[in-house]
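Below is one structure, written out as structure tokens, with a few remarks after it.
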Amino acid sequence: MSKMFVIDPMRCNGCYNCQIACKDEHCDNDWSPIALPQPDTGHFWIGVDEKVRGSVPKVKVSYIVKLCQHCENAPCMEVCPEAVYRRDDGLVIIDPAKAKGHRELAEACPYGAIFYNEGLDVAQKCTGCAHLLDDGWSVPRCVDACAHDAIRFGDEAEFADELAKAAYLMPDRAEKDKPRVVYLNLPRRFVAGMVRDLEADEVVIGATVTLENLATGEILTKETDDFGDFWFEQVDAASYNLYVEADGYLTRVVEVDEAEADVNVGTLDVFESNE
Ligand code: SF4
Ligand code: SF4
């Protein structure tokens, strides 16, 4: 039965336990014929991509765990079929005995998952801790180390629900490569801000904030909270009109461009209507 990983960034708090567990398992340990020792530095067979989003005070940090995607149609295997093989459980392994000197492998992975070990003169990457699975473990060390279930590993049949809503690290490549690592809740964009009555110098609680996607026409609505704040989360990277409406105030319209990054629109001042 083919194994797969399911990674949920919304569950990840950036503790890096998975990365540390990988180091603990592989640095200074020779798991031949699956893997030679990982160097102490420079290799991230599993890594956590940390990204600060938005701007103060509307800031979020997202953490995306990255590792070999154990592709069914693995580009690395195409480049160097003599040194890369797929096990019956679907894990893609670089054979350490056959990968000596194959520097081209480090450039072959579109996901940046292969590293070159200069000391041992060999290409290396995540093995899914195949040596442990063969020894009776049910999951790799990174999965075992994650207290938040942000990384799960198991038979494909266990993950039917997750697969139905899964996304991929590189969506444009997914159909071709068929990765065995799928993602839930990958961060999209957010729009956040605060509504203030400038003259009263007070936040406006309960204002209706509407976000209109100019490409699709989709409308999303929020109410400002007790701090006058609003957050639209997991929205598309697109251009929007944002409308602020509150009883007794003139409606305010702001253009928001989310194409490149998350947007903190800052403080939106509204003014009392004389009607
Ligand atoms: S161990 Fe889990 S929560 Fe911690 S960084 Fe890794 S995936 Fe995220
Ligand atoms: S993610 Fe990279 S190293 Fe892993 S199987 Fe796919 S191409 Fe090979």
Side-chain angles (χ1 to χ4, degrees), residues 2-26 34-35 38 43-52 60-96 98-99 102-117 122-130 139-154 162 167-187:
S2 266
K3 303 287 187 185
M4 57 182 296
F5 290 85
V6 176
I7 297 178
D8 186 344
M10 264 201 188
R11 288 176 167 270
C12 174
N13 67 359
C15 70
Y16 287 82
N17 276 352
C18 48
Q19 194 172 302
I20 293 165
C22 178
K23 292 276 175 201
D24 183 57
E25 186 62 30
H26 289 280
I34 300 291
Q38 182 182 140
H43 281 214
F44 299 96
W45 295 6
I46 185 167
V48 184
D49 247 23
E50 188 173 321
K51 188 176 171 203
V52 179
K60 286 182 181 291
V61 183
S62 61
Y63 306 96
I64 313 270
V65 167
K66 294 182 176 174
L67 70 164
C68 168
Q69 305 289 294
H70 295 280
C71 313
E72 273 180 47
N73 297 328
C76 59
M77 207 181 292
E78 277 174 31
V79 167
C80 197
E82 65 274 29
V84 187
Y85 66 96
R86 180 180 299 98
R87 292 164 38 112
D88 290 344
D89 60 8
L91 292 173
V92 175
I93 307 291
I94 296 179
D95 184 326
K98 296 179 181 165
H102 282 287
R103 285 180 178 276
E104 74 277 16
L105 269 173
E107 304 298 324
C109 173
Y111 302 87
I114 302 180
F115 300 84
Y116 203 75
N117 185 327
V122 69
Q124 295 182 293
K125 69 167 190 71
C126 161
T127 64
C129 288
V139 296
R141 280 288 304 273
C142 56
V143 177
D144 186 59
C146 181
H148 302 277
D149 284 342
I151 322 174
R152 288 179 287 158
F153 177 84
E162 288 80 356
Y168 295 92
L169 195 57
M170 296 179 72
D172 295 349
R173 296 202 58 99
E175 202 176 319
K176 183 170 187 289
D177 300 342
K178 298 195 183 320
R180 307 289 306 162
V181 179
V182 301
Y183 289 79
L184 304 176
N185 301 310
L186 275 170

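Order of listing sets the numbers, starting from 1, for every ligand and every atom in it. Values reported hereafter were calculated over all heavy atoms of this structure, with side chains retained and with hydrogens, waters and symmetry mates removed. Residue numbers start at 1 and run along the sequence shown.
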### Query
Nearest protein heavy atom to atom 8 (Fe) of ligand 1, by residue and atom, and its distance?
Cys12 SG, 2.4 Å
### Message
Would you say that Pro179 contacts Tyr111 through its side chain, given a criterion of any heavy-atom pair below 4.5 Å between the two side chains?
### Response
yes
### Message
For Glu104, I'd like to know if atom CD has over 12 heavy atoms of other residues, nucleotides or ligands within 6.0 Å.
### Response
yes
### Summary
Note: ligand 1 atoms sitting under 4.0 Å from heavy atoms of Val65 are 7 (S)
#### Entry: Minimum-distance protein heavy atom relative to atom 6 (Fe) of ligand 1
Cys18 SG, 2.3 Å
### Query
Quick one: is the NZ or CZ of Lys66 closer than 6.0 Å to the six-membered ring centre of Tyr183, and within 45° of its axis?
no
### Summary
Within a strict 2.8 Å cut-off of atom 2 (Fe) of ligand 2, protein N/O/S atoms tallied 1
### Summary
For atom 4 (Fe) of ligand 1, the closest protein heavy atom turns out to be Cys15 SG, 2.3 Å
### Message
Please determine whether salt bridge (Lys or Arg N to Asp or Glu O under 4.0 Å) holds for the pair Glu72 and Arg86, giving the CA-CA distance in whole Å, both sets of side-chain angles, and the decisive distance to 0.1 Å.
### Response
CA-CA 8 Å; Glu72 273 180 47; Arg86 180 180 299 98; over 6 Å; no
#### Entry: Under the side-chain contact (heavy atoms from CB on, under 4.5 Å) test, residues paired with Val182 that sit two or more places apart
Met4, Val6, Leu163, Ala166, Tyr168
### Query
Should Arg11 and Cys146 count as side-chain neighbours, where that means a heavy-atom distance under 4.5 Å?
no
### Task
Please confirm if an N, O or S atom belonging to Cys146, backbone or side chain, lies less than 2.8 Å from atom 8 (Fe) of ligand 1.
no
### Per-residue contact class, Asn13 against ligand 1 - non-hydrogen pairs under 4.0 Å
both
### Query
For ligand 1, which atoms have a heavy atom of Ile151 less than 4.0 angstrom away?
7 (S)
### Task
Mind checking whether Tyr16 contacts ligand 1 via backbone (N, CA, C, O), side chain (CB onward), both or neither, at a 4.0 Å heavy-atom cut-off?
backbone
